[in-house]
Amino acid sequence: MNVHDYLSVLNPEQVQAVKHEGSPLLILAGAGSGKTSVITAKIAYLISEKGVRPSQILAVTFTKKAATEMMERACRLEPLASKAQIRTFHSFGSWFLRYHAAEAGISPNFTVYDDTDMVTLVSKAVPSLQKKNAAHYAHLISLAKDYCLTWDSPELPELEADPDFPEIYRAYENRLRETGNVDFGDLIMLPVILLQDNESLRAFMHSRFRVVMVDEYQDSNVAQFKLLQALSGDDTYVCVVGDDDQSIYRFRGAEVQNILTFQDHFPGTEIIKLVRNYRSVAPILSNADCVVSNNKDRLGKNLVSVRGEGGKPQLFFFANQDEESAFCAQMIEEAHKKGCPYSDWAILYRTNAQSLNFETEFLHKKIPYSVVGSLKFYEREEVKDALAIISFLVNPRDELSFRRIVNKPPRGIGEVSQDKIIARAAANRTDANLVPKLGLVEASLDVLPSLPKKAKNALKEFLDIISELDEMLGPEEAYGSFPDESEDGGLEESAASDAALAEKAAHKAASASKEKVLTLADFIEEAVKKTGLVEYHEAQDEIAGTQKVANLQELFNSAALYDCSRKGLLEFLDHIELDRAAEEPSEENSDAVTLITLHNTKGLEFSRVIITGMETGVFPRADKKEEDLEEERRLFYVGITRAKDELYFTSCASRRLYGRTDFMEVSPFLMELDAENLSVYGRQPAAFRRNFQTLHGNSASGTGFGKNADSFVNSGRKSSLGSASSGRILNTNATADDDFDDTLETVWRKGKRVYHDDFGYGYITNAIYSDEGEYIITIAFECGRKKSFMPAYQASSLMLCGE
DNA sequence: TCACAGTGACTTTTT
DNA sequence: GTCACTGTGA
């Protein structure tokens with residue numbers, strides 16, 4: 001594509017950002033301001049106009065999805081961009097470490113331990129810890145690594161004052177090094193340490209990458225910042241893109257300060273702001289702006305809507321989450337009848353657990369949906385089992401994988417025997433001061449004679465299986481030196497793009513006709529069968545009615561495009577560990593509603609968005625204060641700015657949590673919305689009505705206040721929505737909202753006999769109005785329990801008894 | 001070593 | 001309401 005073509009579609013600030021050179025650059029890109037267009041154009045521009053070699057460009061993103069999209073779009077503008085390094089932070093770290101494994105003290109065939117593995121390893125390293133505490137410390141360790149702190153860092157106590165922590169961290173670290181593997185934090189921290197300690201390596205990287213760009217910079221953590229610093233030489237062009245208002249990963253060590261203080265660390269930085277929003281209609285944007293302006297700690301900017309006027313966002317109040325999900329389903333269904341595709345819609349929620357209600361409802365109504373993120377396919381037991389086999393094959397020091405598979409199905413090799421083997425391997429290593437080639441296999445052989453008969457035979461059998469599989473893989477291949485810019489990058493290159501994979505598949509198909517080529521899928525299937533895992537999980541399926549075997553089959557399929565070799569195995573494992581976010585929903589139901597957590601929506605956009613569960617305790621979560629609350633607010637801001645055309649909020653008066661029904665207060669964020677640009681439906685909680693109008697004066701009148709939710713959606717479900725939610729007995733004489741409370745008082749009065757679905761019969765012993773203006777009754781049940789209710793919202797479970 | 005039953009904790013958010 | 005951990009007993 002001609003340079004003038006892709007520059008001509010950009011606005012002046014965007015062009016300025018693309019053409020900028022000579023100093024570090026910070027692009028503050030508001031939501032929907034076309035930042036990906038800018039980055040991709042910049043990559044293309046550097047290559048085609050500035051003569052930068054593609055391989056000298058490193059662009060890092062936060063998610064695989066973003067990396068893939070960036071690569072595709074850059075290649076569309078400039079095909080040579082395919083030679084640029086466009087990766088996630090973690091994938092870059094992994095790539096780097098493969099070539100510097102020895103210096104980092106890890107196996108070149110390392111695999112990545114996830115959070116669950118970390119917990120297990122902590123409890124193995126410090127056996128005295130309870131499981132719960134192990135999880136706590138595992139979390140602290142990963143946080144420490146996010147801040148690039150080792151166990152002996154002097155600053156470690158600033159992060160966590162617990163005097164036990166450094167020792168536990170140290171014990172974990174030793175144990176991890178014994179396995180030769182790394183955790184997620186290491187993928188960033190180890191490269192930083194290597195680069196900081198090794199000047200020539202640093203110099204090499206500086207000459208290797210002349211341009212370093214970082215996307216979503218607001219979500220980078222301290223370790224990632226240090227990595228960027230280490231990669232930046234005197235002549236390196238550094239460009240970061242981010243939006244401080246969209247920083248939502250503080251809990252994981254992301255440091256907003258990275259973007260707020262970027263200029264301090266990179267002197268001479270030029271800042272370019274992109275504030276023209278091309279995504280959302282004006283009323284949506286003004287609500288977003290109203291909300292985020294409540295945050296103090298921000299650089300500050302106002303988005304300008306390019307699209308202009310559109311419909312106002314709508315806020316709906318419901319009695320409980322069943323009405324909420326029913327309403328959403330109904331609204332989507334009605335829009336669908338008018339020709340709106342399901343895929344236009346996204347349901348956003350704070351926690352994954354909230355998806356369940358919607359899934360149930362959508363299944364019932366036969367609305368296609370896909371749940372993003374919570375799939376956790378690779379975290380399932382059977383899948384982890386299968387992966388453990390191949391992880392162990394590529395890295396026979398991998399303690400956790402070994403433990404996972406050696407006695408599954410039960411062979412009689414219990415924990416005691418396992419501990420013996422691990423201890424032996426550790427001793428082996430220290431005594432000889434070198435890494436045994438087959439760590440745990442050799443250790444097993446050493447320990448074998450001392451085991452009880454049953455365990456001995458079982459272990460022999462297991463070792464035979466492993467060695468058979470090992471032979472199938474052929475000899476180990478060594479890694480060369482780090483690929484310099486004249487080469488194409490090496491290790492993962494063959495699996496780096498879909499195009500490459502497709503090509504490979506075609507090649508496979510062609511050669512398959514000549515001779516039967518063993519793919520990785522065949523190999524994994526063979527491995528799982530040989531170890532007896534298939535039978536084991538088949539049995540489990542029969543008992544529990546699970547889908548374990550089917551899941552295993554799916555795993556085999558996903559390995560079909562990789563070589564049956566050690567290298568292929570590693571590529572596959574890397575793909576799984578680092579790219580799991582990229583799993584696309586299957587194409588067969590491409591027209592589906594998206595169910596997604598607010599966090600997962602980063603970088604996405606939808607025509608119509610419903611943000612659900614707007615209640616205190618759900619969103620924001622109950623324990624959020626001050627800075628954390630600001631982060632929750634930014635999360636809300638991210639959610640709002642995903643919407644292009646239509647935006648809805650829903651809030652429930654009561655919600656089932658842990659099988660218990662709790663009364664909810666409205667989310668304080670709702671009070672921060674823009675009254676001028678919001679329509680409100682359903683029964684407003686008193687707290688909302690009062691605060692919202694106080695905050696916004698009388699401007700709210702005429703914006704749809706007081707309208708019932710069911711007047712908006714007229715259908716068979718009417719009776720359970722809106723004003724009729726005052727209890728079954730009132731269905732026949734539901735009245736207008738305004739004189740509604742008086743009715744409650746007479747109907748649910750002291751002394752009346754009632755029936756509750758969960759608690760049985762009882763009497764009303766007390767009735768009061770709360771400070772919030774809610775009518776609250778207390779009931780003494782015959783079962784002995786005493787509970788309080790707000791009958792206005794008790795649509796389904798509480799009933800008055802006739803005399 | 002394994003199976004079972006009782007109990008307690010749990011729900012953030014993710015590379 | 002569910003899951004997973006813990007301890008006990010065979």
Side-chain angles (χ1 to χ4, degrees), chain A residues 60-67 87-94 112-116 118-120 123 129-136 139 142-143 145-146 182-189 216 219-221 223-224 247-254 348-356 372-376 378-379 381 407-418 451-455 458 543-544 574-582 596-603 613 617-624 628 631-632 634-636 638-639 655-662 758:
Chain A
V60 278
T61 65
F62 211 68
T63 64
K64 173 69 184 175
K65 196 167 191 165
R87 291 173 173 274
T88 66
F89 261 114
H90 291 88
S91 135
F92 173 80
S94 169
V112 184
Y113 280 150
D114 66 18
D115 291 359
T116 329
M118 280 184 81
V119 176
T120 316
S123 54
L129 282 182
Q130 304 256 312
K131 185 84 187 184
K132 188 181 121 200
N133 289 331
H136 168 72
H139 176 74
S142 74
L143 200 62
K145 291 189 174 184
D146 285 343
V182 298
D183 55 30
F184 272 114
D186 284 338
L187 290 177
I188 312 296
M189 187 172 83
E216 305 281 10
D219 284 321
S220 61
N221 59 35
Q224 287 160 339
S247 167
I248 53 174
Y249 283 103
R250 215 174 77 99
F251 68 95
R252 220 184 57 204
L348 276 49
Y349 37 78
R350 181 64 177 80
T351 62
N352 277 312
Q354 285 165 260
S355 73
L356 195 62
V372 176
S374 77
L375 249 181
K376 306 229 167 109
Y378 294 110
E379 279 161 42
E381 183 195 2
N407 199 29
K408 199 169 198 176
R411 297 184 171 87
I413 309 169
E415 210 181 339
V416 179
S417 307
Q418 292 172 25
L451 293 181
K453 204 175 189 180
K454 190 181 173 199
I543 300 164
D574 261 7
H575 167 79
I576 285 164
E577 288 296 347
L578 304 174
D579 308 347
R580 56 174 70 166
I596 189 169
T597 63
L598 282 149
H599 279 88
N600 263 323
T601 61
K602 189 167 81 168
V618 175
F619 187 34
R621 288 193 57 76
D623 46 357
K624 301 296 178 186
D628 284 344
E631 172 141 321
E632 293 273 302
R634 288 193 293 269
L635 188 56
F636 189 36
V638 167
R655 183 171 289 274
R656 277 191 311 276
L657 293 162
Y658 321 98
R660 206 142 276 224
T661 302
D662 286 336
D758 295 336

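So you know, we letter chains A, B, ... as the sequences are listed, proteins then strands, and number each from 1.
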Whole-Å distance between [N] [atom2] and [X] [atom1]?
X        : N      : atom1 : atom2 : value
A/Leu187 : B/dT15 : CG    : P     : 13 Å
A/Leu143 : B/dT15 : CG    : P     : 17 Å
A/Phe62  : B/dT13 : CZ    : C1'   : 11 Å
A/Arg250 : B/dT15 : CZ    : P     : 20 Å
A/Asn600 : B/dT15 : CG    : C1'   : 11 Å
A/His139 : B/dT14 : NE2   : P     : 14 Å
A/Arg634 : B/dT13 : CZ    : C1'   : 13 Å
A/Asp186 : B/dT15 : CG    : P     : 18 Å

- Side-chain N or O of A/Asn407 less than 4.0 angstrom from OP1 or OP2 on B/dT1?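 So the side-chain polar atoms of A/Asn407 never come under 4.0 Å of the phosphate oxygens OP1 or OP2 of B/dT1.
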- Query: Looking at A/Ser91, does any N or O in its side chain come under 4.0 Å of the phosphate oxygens OP1/OP2 on B/dT15?
  - Reply: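 It does not, given that no N or O in the side chain of A/Ser91 lies less than 4.0 Å from OP1 or OP2 of B/dT15.
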With sequence neighbours left out, write down each residue that passes ring pair (Phe, Tyr, Trp, His ring centres under 6.0 Å) with [X], or none if nothing qualifies.
X        : value
A/Tyr249 : A/Phe62, A/Phe251, A/His599
A/Phe619 : A/Phe636, A/Phe669
A/His136 : none

- Determine whether A/Val112 and A/His90 make a side-chain contact, defined as any pair of heavy atoms from C-beta on separated by less than 4.5 Å.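 They are not in side-chain contact.
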- Message: Under a 3.5 Å distance rule, please check whether A/Gln224 uses its side chain to pair with a backbone N or O of A/Phe89 as donor and acceptor.
- Response: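 No, the answer is negative, given that no donor and acceptor are paired below the 3.5 Å cut-off.
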- Task: Could you pull out all residues at least two apart from A/Asp662 that satisfy salt bridge (Lys or Arg N to Asp or Glu O under 4.0 Å)?
- Result: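 Listed in chain order: nothing, the list is empty.
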- Anything under 4.0 Å to a heavy atom of chain A counts; send over the first and last such nucleotide of DNA chain C, read 5' to 3'.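 Contact boundaries, 5' end first: C/dG1 to C/dT6.
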[X]: what forms a side-chain hydrogen bond (donor to acceptor under 3.5 Å, both in side chains) with it, not counting sequence neighbours?
X        : answer
A/Asp186 : A/Lys145, A/Arg177
A/Asp115 : none
A/Arg252 : none

- Whole-Å C1' distance, C/dA4 and B/dT13: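 22 Å, rounded to whole Å.
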For nucleotides 7-12 of chain B, print each protein N/O atom paired with a nucleotide N/O atom at under 3.5 Å, atom names and distance only.
from, atom 1, to, atom 2, distance (Å)
B/dT11, O3', A/Arg621, NH2, 2.7
B/dT12, O2, A/Arg350, NH1, 2.6
B/dT12, O2, A/Arg350, NH2, 2.2
B/dT12, N3, A/Lys624, NZ, 3.1
B/dT12, O4, A/Lys624, NZ, 2.4

- Message: Between A/Gln418 and A/Arg252, which residue's closest nucleotide on DNA chain B lies nearer the 5′ terminus?
- Response: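 Its nucleotide being nearer the 5' end, the pick is A/Gln418.
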- What does A/Tyr249 touch in the nucleic acid at a heavy-atom separation under 4.0 angstrom: a base, only the sugar-phosphate, or nothing?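 Contact class for A/Tyr249: sugar-phosphate only.
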